[in-house]
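Following: one structure in C-alpha coordinates, then a few remarks.
Just so we're on the same page: letters track the sequence lines, and every chain starts at 1. These figures come from a predicted structure and were not determined experimentally.
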Protein chains: 2
Amino acid sequence: MSNPIDFYFDFSSPYGYFAADSIDRMAAEAGRSCRWIPILLGAAFKASGNQLLIEQPLKGAYSRHDWDRVARMSGLAYGFPDPFPVATIAAARVFWWLDADDGTVAKDFARAVFAAYFGQGRNIGDKAVVAAVAGECGHDPAAALAAMDDGLWKTKCRDETEAAIAAGVFGSPFFVVDGEAFWGWDRLPMVRRWLETGGW
Amino acid sequence: MSNPIDFYFDFSSPYGYFAADSIDRMAAEAGRSCRWIPILLGAAFKASGNQLLIEQPLKGAYSRHDWDRVARMSGLAYGFPDPFPVATIAAARVFWWLDADDGTVAKDFARAVFAAYFGQGRNIGDKAVVAAVAGECGHDPAAALAAMDDGLWKTKCRDETEAAIAAGVFGSPFFVVDGEAFWGWDRLPMVRRWLETGGW
(Lines give C-alpha, C1' and ligand atoms only; values in the text may rest on other atoms or scores of the structure.)
Protein backbone atom coordinates (compact mmCIF):
# COMPACT_ATOMS: atom_id res chain seq x y z
CA MET A 1 0.00 0.00 0.00
CA SER A 2 1.42 3.36 -1.01
CA ASN A 3 1.81 6.14 1.54
CA PRO A 4 -0.88 8.80 1.59
CA ILE A 5 -0.23 12.41 0.64
CA ASP A 6 -0.51 14.79 3.55
CA PHE A 7 -2.00 18.10 2.42
CA TYR A 8 -1.64 20.93 4.95
CA PHE A 9 -3.49 24.19 4.42
CA ASP A 10 -5.07 27.18 6.09
CA PHE A 11 -8.61 28.07 5.04
CA SER A 12 -7.62 31.69 4.41
CA SER A 13 -4.76 30.79 2.06
CA PRO A 14 -5.49 31.56 -1.62
CA TYR A 15 -2.82 29.12 -2.77
CA GLY A 16 -4.37 26.56 -0.41
CA TYR A 17 -7.69 27.09 -2.20
CA PHE A 18 -6.06 26.56 -5.59
CA ALA A 19 -4.23 23.42 -4.40
CA ALA A 20 -7.40 21.96 -2.86
CA ASP A 21 -8.91 21.96 -6.32
CA SER A 22 -6.39 19.50 -7.74
CA ILE A 23 -4.57 17.55 -5.03
CA ASP A 24 -7.16 14.78 -4.66
CA ARG A 25 -7.32 14.24 -8.42
CA MET A 26 -3.54 14.05 -8.56
CA ALA A 27 -3.46 11.60 -5.65
CA ALA A 28 -6.15 9.39 -7.21
CA GLU A 29 -4.28 9.27 -10.53
CA ALA A 30 -1.25 8.00 -8.65
CA GLY A 31 -3.26 5.48 -6.62
CA ARG A 32 -2.63 7.37 -3.40
CA SER A 33 -4.99 8.57 -0.73
CA CYS A 34 -4.79 12.14 0.50
CA ARG A 35 -5.19 13.40 4.06
CA TRP A 36 -6.38 16.96 4.42
CA ILE A 37 -4.97 18.73 7.46
CA PRO A 38 -6.21 22.27 8.12
CA ILE A 39 -3.75 24.19 10.26
CA LEU A 40 -3.63 27.65 11.79
CA LEU A 41 -1.02 29.37 9.72
CA GLY A 42 -0.52 32.16 12.24
CA ALA A 43 1.01 29.66 14.65
CA ALA A 44 3.27 28.28 11.91
CA PHE A 45 4.31 31.81 10.95
CA LYS A 46 5.34 32.46 14.55
CA ALA A 47 7.58 29.40 14.42
CA SER A 48 9.12 30.20 11.04
CA GLY A 49 9.24 33.98 11.19
CA ASN A 50 7.18 34.08 8.00
CA GLN A 51 4.93 37.03 7.31
CA LEU A 52 1.76 37.43 5.36
CA LEU A 53 2.52 37.88 1.68
CA ILE A 54 0.22 40.84 1.28
CA GLU A 55 1.97 42.73 4.08
CA GLN A 56 5.32 42.58 2.33
CA PRO A 57 6.53 45.32 -0.02
CA LEU A 58 6.68 44.30 -3.70
CA LYS A 59 5.69 40.71 -2.86
CA GLY A 60 2.28 41.90 -1.73
CA ALA A 61 1.38 43.46 -5.08
CA TYR A 62 2.86 40.48 -6.89
CA SER A 63 0.74 38.05 -4.87
CA ARG A 64 -2.51 39.91 -5.45
CA HIS A 65 -1.87 39.84 -9.18
CA ASP A 66 -0.74 36.22 -9.09
CA TRP A 67 -3.84 34.98 -7.28
CA ASP A 68 -6.03 36.50 -10.00
CA ARG A 69 -3.86 34.91 -12.66
CA VAL A 70 -3.75 31.44 -11.07
CA ALA A 71 -7.52 31.52 -10.58
CA ARG A 72 -8.09 32.35 -14.26
CA MET A 73 -5.68 29.60 -15.29
CA SER A 74 -7.41 27.10 -13.00
CA GLY A 75 -10.92 28.13 -14.00
CA LEU A 76 -11.85 28.73 -10.36
CA ALA A 77 -14.25 31.37 -9.11
CA TYR A 78 -12.10 33.86 -7.21
CA GLY A 79 -12.24 37.33 -5.77
CA PHE A 80 -9.82 38.77 -3.26
CA PRO A 81 -11.87 38.52 -0.05
CA ASP A 82 -12.54 41.30 2.42
CA PRO A 83 -11.63 40.93 5.25
CA PHE A 84 -8.36 39.17 4.55
CA PRO A 85 -6.98 37.19 6.21
CA VAL A 86 -9.48 35.88 8.74
CA ALA A 87 -9.25 33.54 11.71
CA THR A 88 -9.91 30.03 10.46
CA ILE A 89 -10.11 28.25 13.77
CA ALA A 90 -13.89 27.80 13.66
CA ALA A 91 -13.76 26.22 10.21
CA ALA A 92 -10.86 23.99 11.23
CA ARG A 93 -12.68 22.74 14.32
CA VAL A 94 -15.80 21.89 12.31
CA PHE A 95 -13.57 20.11 9.82
CA TRP A 96 -12.11 17.88 12.55
CA TRP A 97 -15.55 17.21 13.98
CA LEU A 98 -16.74 15.98 10.57
CA ASP A 99 -13.47 14.20 9.82
CA ALA A 100 -13.81 12.01 12.89
CA ASP A 101 -16.83 10.40 11.24
CA ASP A 102 -15.98 10.57 7.55
CA GLY A 103 -12.95 12.03 5.83
CA THR A 104 -14.75 12.47 2.52
CA VAL A 105 -17.54 14.45 4.13
CA ALA A 106 -14.96 16.65 5.86
CA LYS A 107 -13.24 17.35 2.54
CA ASP A 108 -16.54 18.33 0.94
CA PHE A 109 -17.07 20.77 3.78
CA ALA A 110 -13.53 22.12 3.38
CA ARG A 111 -14.11 22.72 -0.34
CA ALA A 112 -17.33 24.54 0.51
CA VAL A 113 -15.53 26.75 3.06
CA PHE A 114 -12.86 27.63 0.51
CA ALA A 115 -15.52 28.40 -2.12
CA ALA A 116 -17.52 30.50 0.35
CA TYR A 117 -14.51 32.65 1.14
CA PHE A 118 -12.70 32.96 -2.17
CA GLY A 119 -15.54 32.31 -4.60
CA GLN A 120 -18.45 34.00 -2.85
CA GLY A 121 -16.70 36.54 -0.65
CA ARG A 122 -18.32 35.35 2.57
CA ASN A 123 -16.50 35.98 5.85
CA ILE A 124 -15.50 32.52 7.05
CA GLY A 125 -13.96 34.10 10.14
CA ASP A 126 -17.57 34.48 11.35
CA LYS A 127 -18.86 31.43 13.22
CA ALA A 128 -22.38 31.94 11.86
CA VAL A 129 -21.06 31.82 8.29
CA VAL A 130 -19.13 28.63 8.98
CA ALA A 131 -22.28 27.09 10.52
CA ALA A 132 -24.28 28.17 7.46
CA VAL A 133 -21.74 26.54 5.14
CA ALA A 134 -21.98 23.36 7.21
CA GLY A 135 -25.75 23.56 6.82
CA GLU A 136 -25.43 23.91 3.04
CA CYS A 137 -23.35 20.72 3.12
CA GLY A 138 -26.20 18.89 4.83
CA HIS A 139 -25.04 19.13 8.43
CA ASP A 140 -26.87 20.54 11.41
CA PRO A 141 -25.73 24.17 11.81
CA ALA A 142 -26.40 24.08 15.55
CA ALA A 143 -24.22 21.00 15.92
CA ALA A 144 -21.52 22.73 13.89
CA LEU A 145 -21.69 25.74 16.21
CA ALA A 146 -21.41 23.40 19.19
CA ALA A 147 -18.39 21.67 17.62
CA MET A 148 -16.60 25.03 17.37
CA ASP A 149 -16.71 25.34 21.15
CA ASP A 150 -16.15 21.69 21.98
CA GLY A 151 -12.91 21.06 23.86
CA LEU A 152 -12.37 17.90 21.87
CA TRP A 153 -12.05 19.76 18.55
CA LYS A 154 -10.23 22.68 20.14
CA THR A 155 -7.59 20.23 21.31
CA LYS A 156 -7.52 18.33 18.02
CA CYS A 157 -7.09 21.56 16.08
CA ARG A 158 -4.25 22.76 18.31
CA ASP A 159 -2.54 19.37 18.31
CA GLU A 160 -2.65 19.06 14.52
CA THR A 161 -1.14 22.53 14.08
CA GLU A 162 1.60 21.73 16.60
CA ALA A 163 2.30 18.40 14.93
CA ALA A 164 2.49 20.14 11.56
CA ILE A 165 5.02 22.66 12.83
CA ALA A 166 7.01 19.85 14.44
CA ALA A 167 7.00 18.13 11.03
CA GLY A 168 8.50 21.26 9.45
CA VAL A 169 5.36 22.77 7.92
CA PHE A 170 5.73 26.54 7.56
CA GLY A 171 3.29 27.58 4.87
CA SER A 172 0.09 26.80 2.98
CA PRO A 173 -0.30 24.70 0.98
CA PHE A 174 2.30 22.21 2.12
CA PHE A 175 2.53 18.60 1.00
CA VAL A 176 4.37 15.64 2.49
CA VAL A 177 4.76 12.53 0.35
CA ASP A 178 6.94 9.57 1.35
CA GLY A 179 8.60 11.83 3.91
CA GLU A 180 9.42 14.48 1.26
CA ALA A 181 8.13 17.99 1.92
CA PHE A 182 6.89 20.25 -0.86
CA TRP A 183 5.90 23.82 -0.13
CA GLY A 184 3.55 25.84 -2.26
CA TRP A 185 0.91 25.55 -4.94
CA ASP A 186 3.61 25.95 -7.57
CA ARG A 187 5.24 22.72 -6.41
CA LEU A 188 2.31 20.58 -7.56
CA PRO A 189 4.08 19.65 -10.82
CA MET A 190 7.03 18.44 -8.75
CA VAL A 191 4.72 16.46 -6.46
CA ARG A 192 3.19 14.89 -9.56
CA ARG A 193 6.62 13.97 -10.84
CA TRP A 194 7.49 12.48 -7.46
CA LEU A 195 4.33 10.35 -7.57
CA GLU A 196 4.94 9.24 -11.15
CA THR A 197 8.60 8.38 -10.73
CA GLY A 198 8.67 7.21 -7.12
CA GLY A 199 11.27 9.86 -6.34
CA TRP A 200 14.78 10.56 -7.50
CA MET B 1 8.55 40.34 -33.22
CA SER B 2 7.70 38.79 -29.85
CA ASN B 3 8.83 40.43 -26.66
CA PRO B 4 11.98 39.05 -25.05
CA ILE B 5 11.98 37.26 -21.71
CA ASP B 6 13.77 39.20 -18.99
CA PHE B 7 15.59 36.81 -16.66
CA TYR B 8 16.77 38.42 -13.41
CA PHE B 9 19.11 36.52 -11.10
CA ASP B 10 21.82 36.79 -8.51
CA PHE B 11 24.94 34.68 -9.03
CA SER B 12 24.74 33.29 -5.50
CA SER B 13 21.14 32.09 -5.89
CA PRO B 14 20.81 28.29 -6.18
CA TYR B 15 17.39 28.61 -7.80
CA GLY B 16 18.93 31.14 -10.19
CA TYR B 17 21.53 28.52 -11.14
CA PHE B 18 18.81 25.95 -11.80
CA ALA B 19 16.75 28.40 -13.85
CA ALA B 20 19.77 29.48 -15.89
CA ASP B 21 20.05 25.90 -17.11
CA SER B 22 16.68 25.93 -18.86
CA ILE B 23 15.39 29.44 -19.51
CA ASP B 24 17.19 29.97 -22.83
CA ARG B 25 16.00 26.61 -24.15
CA MET B 26 12.45 27.46 -23.15
CA ALA B 27 12.71 30.89 -24.78
CA ALA B 28 14.11 29.43 -28.00
CA GLU B 29 11.30 26.86 -28.20
CA ALA B 30 8.82 29.72 -28.00
CA GLY B 31 10.67 31.83 -30.56
CA ARG B 32 11.62 34.42 -27.96
CA SER B 33 14.92 35.95 -27.07
CA CYS B 34 16.03 36.09 -23.46
CA ARG B 35 17.85 38.90 -21.69
CA TRP B 36 19.95 37.91 -18.70
CA ILE B 37 20.09 40.55 -16.00
CA PRO B 38 22.31 39.82 -13.00
CA ILE B 39 21.23 41.85 -9.98
CA LEU B 40 22.48 42.28 -6.45
CA LEU B 41 19.84 40.51 -4.42
CA GLY B 42 20.91 42.16 -1.16
CA ALA B 43 19.67 45.49 -2.49
CA ALA B 44 16.38 43.92 -3.60
CA PHE B 45 15.99 42.26 -0.20
CA LYS B 46 16.39 45.65 1.48
CA ALA B 47 13.53 46.97 -0.66
CA SER B 48 11.23 44.01 -0.11
CA GLY B 49 12.13 43.08 3.46
CA ASN B 50 12.98 39.59 2.23
CA GLN B 51 15.54 37.53 4.07
CA LEU B 52 17.91 34.83 3.02
CA LEU B 53 16.13 31.48 2.91
CA ILE B 54 18.85 29.68 4.84
CA GLU B 55 18.61 32.15 7.72
CA GLN B 56 14.95 31.41 8.30
CA PRO B 57 13.77 28.73 10.74
CA LEU B 58 12.16 25.67 9.08
CA LYS B 59 12.47 27.26 5.62
CA GLY B 60 16.25 27.11 5.87
CA ALA B 61 16.36 23.33 6.33
CA TYR B 62 13.67 22.91 3.68
CA SER B 63 15.67 24.94 1.17
CA ARG B 64 18.92 23.06 1.73
CA HIS B 65 17.10 19.80 1.09
CA ASP B 66 15.20 21.22 -1.87
CA TRP B 67 18.31 22.48 -3.64
CA ASP B 68 19.81 18.98 -3.50
CA ARG B 69 16.58 17.53 -4.81
CA VAL B 70 16.13 20.02 -7.65
CA ALA B 71 19.75 19.53 -8.70
CA ARG B 72 19.29 15.75 -8.87
CA MET B 73 16.07 16.19 -10.84
CA SER B 74 17.77 18.60 -13.25
CA GLY B 75 20.92 16.51 -13.64
CA LEU B 76 23.08 19.47 -12.63
CA ALA B 77 26.34 19.28 -10.71
CA TYR B 78 25.62 20.83 -7.35
CA GLY B 79 27.06 21.14 -3.89
CA PHE B 80 26.02 23.63 -1.26
CA PRO B 81 28.88 26.14 -1.48
CA ASP B 82 30.97 27.47 1.37
CA PRO B 83 30.96 30.41 1.92
CA PHE B 84 27.30 31.08 1.19
CA PRO B 85 26.09 33.52 0.15
CA VAL B 86 28.87 35.63 -1.35
CA ALA B 87 29.05 39.11 -2.83
CA THR B 88 28.38 38.81 -6.54
CA ILE B 89 29.19 42.34 -7.57
CA ALA B 90 32.50 41.42 -9.23
CA ALA B 91 30.87 38.72 -11.36
CA ALA B 92 28.00 41.05 -12.27
CA ARG B 93 30.36 43.81 -13.39
CA VAL B 94 32.33 41.43 -15.58
CA PHE B 95 29.04 40.19 -17.02
CA TRP B 96 28.05 43.73 -18.04
CA TRP B 97 31.49 44.39 -19.47
CA LEU B 98 31.16 41.31 -21.70
CA ASP B 99 27.50 41.95 -22.45
CA ALA B 100 28.26 45.35 -23.94
CA ASP B 101 30.07 43.53 -26.74
CA ASP B 102 28.15 40.29 -27.08
CA GLY B 103 25.18 39.01 -25.10
CA THR B 104 25.88 35.37 -25.95
CA VAL B 105 29.43 35.61 -24.70
CA ALA B 106 28.19 37.20 -21.49
CA LYS B 107 25.72 34.36 -20.95
CA ASP B 108 28.46 31.77 -21.44
CA PHE B 109 30.47 33.56 -18.78
CA ALA B 110 27.44 33.66 -16.47
CA ARG B 111 26.91 29.92 -16.85
CA ALA B 112 30.58 29.37 -16.06
CA VAL B 113 30.30 31.53 -12.91
CA PHE B 114 27.26 29.58 -11.74
CA ALA B 115 29.03 26.28 -12.44
CA ALA B 116 32.17 27.45 -10.64
CA TYR B 117 30.20 28.29 -7.51
CA PHE B 118 27.56 25.59 -7.32
CA GLY B 119 29.19 22.83 -9.34
CA GLN B 120 32.86 23.24 -8.37
CA GLY B 121 32.60 24.97 -4.99
CA ARG B 122 34.83 27.89 -5.97
CA ASN B 123 34.37 31.17 -4.13
CA ILE B 124 33.00 33.56 -6.75
CA GLY B 125 32.99 36.33 -4.16
CA ASP B 126 36.75 36.44 -4.72
CA LYS B 127 37.79 38.73 -7.57
CA ALA B 128 40.69 36.46 -8.51
CA VAL B 129 38.30 33.51 -8.93
CA VAL B 130 35.99 35.57 -11.12
CA ALA B 131 38.96 36.66 -13.23
CA ALA B 132 40.07 33.02 -13.52
CA VAL B 133 36.59 31.98 -14.67
CA ALA B 134 36.69 34.76 -17.26
CA GLY B 135 40.07 33.41 -18.38
CA GLU B 136 38.64 29.90 -18.73
CA CYS B 137 35.98 31.41 -21.00
CA GLY B 138 38.69 32.82 -23.26
CA HIS B 139 38.85 36.37 -21.93
CA ASP B 140 41.84 38.24 -20.60
CA PRO B 141 41.82 37.83 -16.79
CA ALA B 142 43.62 41.16 -16.32
CA ALA B 143 40.99 42.92 -18.41
CA ALA B 144 38.28 41.22 -16.33
CA LEU B 145 39.93 42.45 -13.13
CA ALA B 146 40.06 45.95 -14.59
CA ALA B 147 36.37 45.75 -15.54
CA MET B 148 35.49 44.99 -11.90
CA ASP B 149 36.90 48.37 -10.87
CA ASP B 150 35.74 50.33 -13.90
CA GLY B 151 33.22 53.05 -13.05
CA LEU B 152 31.31 52.27 -16.22
CA TRP B 153 30.42 48.74 -15.06
CA LYS B 154 29.99 49.81 -11.45
CA THR B 155 27.34 52.25 -12.61
CA LYS B 156 25.74 49.80 -15.02
CA CYS B 157 25.50 47.17 -12.30
CA ARG B 158 23.94 49.58 -9.81
CA ASP B 159 21.54 51.00 -12.41
CA GLU B 160 20.33 47.56 -13.50
CA THR B 161 19.67 46.51 -9.89
CA GLU B 162 17.79 49.75 -9.22
CA ALA B 163 15.77 49.36 -12.42
CA ALA B 164 14.94 45.78 -11.45
CA ILE B 165 13.67 46.85 -8.02
CA ALA B 166 11.67 49.64 -9.64
CA ALA B 167 10.15 47.00 -11.95
CA GLY B 168 9.05 44.99 -8.89
CA VAL B 169 11.79 42.36 -8.84
CA PHE B 170 12.29 41.03 -5.31
CA GLY B 171 13.89 37.61 -5.70
CA SER B 172 16.01 35.31 -7.83
CA PRO B 173 15.20 33.98 -10.30
CA PHE B 174 12.58 36.41 -11.53
CA PHE B 175 11.12 36.48 -15.03
CA VAL B 176 9.19 39.18 -16.85
CA VAL B 177 7.36 38.21 -20.04
CA ASP B 178 4.97 40.53 -21.86
CA GLY B 179 4.83 42.65 -18.71
CA GLU B 180 3.88 39.64 -16.54
CA ALA B 181 6.13 38.91 -13.58
CA PHE B 182 6.94 35.37 -12.47
CA TRP B 183 8.99 34.75 -9.34
CA GLY B 184 10.92 31.61 -8.68
CA TRP B 185 12.40 28.55 -10.33
CA ASP B 186 9.17 26.70 -9.62
CA ARG B 187 7.26 29.10 -11.86
CA LEU B 188 9.04 27.94 -15.01
CA PRO B 189 6.13 25.63 -15.96
CA MET B 190 3.82 28.64 -15.71
CA VAL B 191 6.18 30.76 -17.82
CA ARG B 192 6.19 27.97 -20.39
CA ARG B 193 2.41 27.90 -20.40
CA TRP B 194 2.32 31.67 -20.81
CA LEU B 195 4.65 31.42 -23.80
CA GLU B 196 2.67 28.59 -25.38
CA THR B 197 -0.76 30.14 -24.91
CA GLY B 198 0.05 33.83 -25.23
CA GLY B 199 -1.42 34.42 -21.80
CA TRP B 200 -4.83 33.97 -20.24
Side-chain angles (χ1 to χ4, degrees), chain A residues 8 15 18 41 43-66 68-76 164-171 174-194 196-197 199-200, chain B residues 8 15 18 41 43-66 68-76 164-171 174-194 196-197 199-200:
Chain A
Y8 299 89
Y15 291 123
F18 303 139
L41 202 54
F45 277 10
K46 270 187 201 154
S48 68
N50 260 6
Q51 288 181 299
L52 274 177
L53 282 168
I54 55 157
E55 290 176 356
Q56 298 178 47
L58 301 179
K59 250 190 204 177
Y62 174 86
S63 301
R64 292 280 298 254
H65 179 78
D66 193 50
D68 287 339
R69 177 171 69 181
V70 173
R72 288 199 309 276
M73 191 178 89
S74 308
L76 285 169
I165 295 168
V169 173
F170 53 80
F174 202 101
F175 314 96
V176 178
V177 187
D178 304 334
E180 283 288 308
F182 298 90
W183 166 46
W185 168 84
D186 36 19
R187 285 306 177 94
L188 282 172
M190 201 170 176
V191 173
R192 182 186 294 277
R193 184 160 171 163
W194 186 271
E196 287 172 354
T197 63
W200 58 85
Chain B
Y8 298 89
Y15 291 123
F18 303 139
L41 203 54
F45 277 10
K46 271 187 202 155
S48 68
N50 261 6
Q51 287 181 299
L52 274 178
L53 282 168
I54 54 157
E55 290 175 357
Q56 299 178 47
L58 300 179
K59 251 189 204 178
Y62 174 85
S63 301
R64 290 281 299 255
H65 179 78
D66 193 50
D68 287 340
R69 177 171 68 181
V70 172
R72 287 198 310 274
M73 190 178 89
S74 308
L76 285 169
I165 294 168
V169 174
F170 54 80
F174 202 101
F175 314 95
V176 179
V177 187
D178 303 335
E180 284 288 308
F182 299 89
W183 166 46
W185 168 83
D186 37 19
R187 286 306 178 94
L188 282 173
M190 200 170 177
V191 173
R192 182 186 294 274
R193 184 159 172 164
W194 186 272
E196 286 172 354
T197 63
W200 59 85

* To do: With rounding to the nearest 0.5 Å, note down the distance linking CZ in B:R187 to CH2 in A:W185.
  => 5.0 Å
* Kindly compute the distance separating CE (A:M73) from OG1 (B:T197), expressed to the nearest 0.5 Å. => 9.5 Å
* To do: Answer yes or no: is there a side-chain heavy-atom contact under 4.5 Å between A:W183 and B:K59?
  => yes
* Once the angle between the rings of B:F174 and A:Y62 is folded into 0 to 90°, is it parallel (under 30°), tilted (30 to 60°) or perpendicular (over 60°)? -> tilted
* **CG-CD distance between B:D66 and A:E180, expressed to the nearest 0.5 angstrom** => 9.0 Å
* **All side-chain hydrogen bond (donor to acceptor under 3.5 Å, both in side chains) counterparts of A:R72, not counting sequence neighbours** => none
* To do: Please round to the nearest 0.5 Å and tell me the distance separating atom CZ of B:F182 and atom CZ of A:R69.
  => 4.0 Å
* In terms of heavy-atom pairs under 4.5 Å, which option from B:A181, B:G60, B:G168 contacts chain A the most? -> B:A181
* **Minimum-distance pair of heavy atoms, taken over all atoms of A:L58 and B:I165** => CD2-O, 4.2 Å
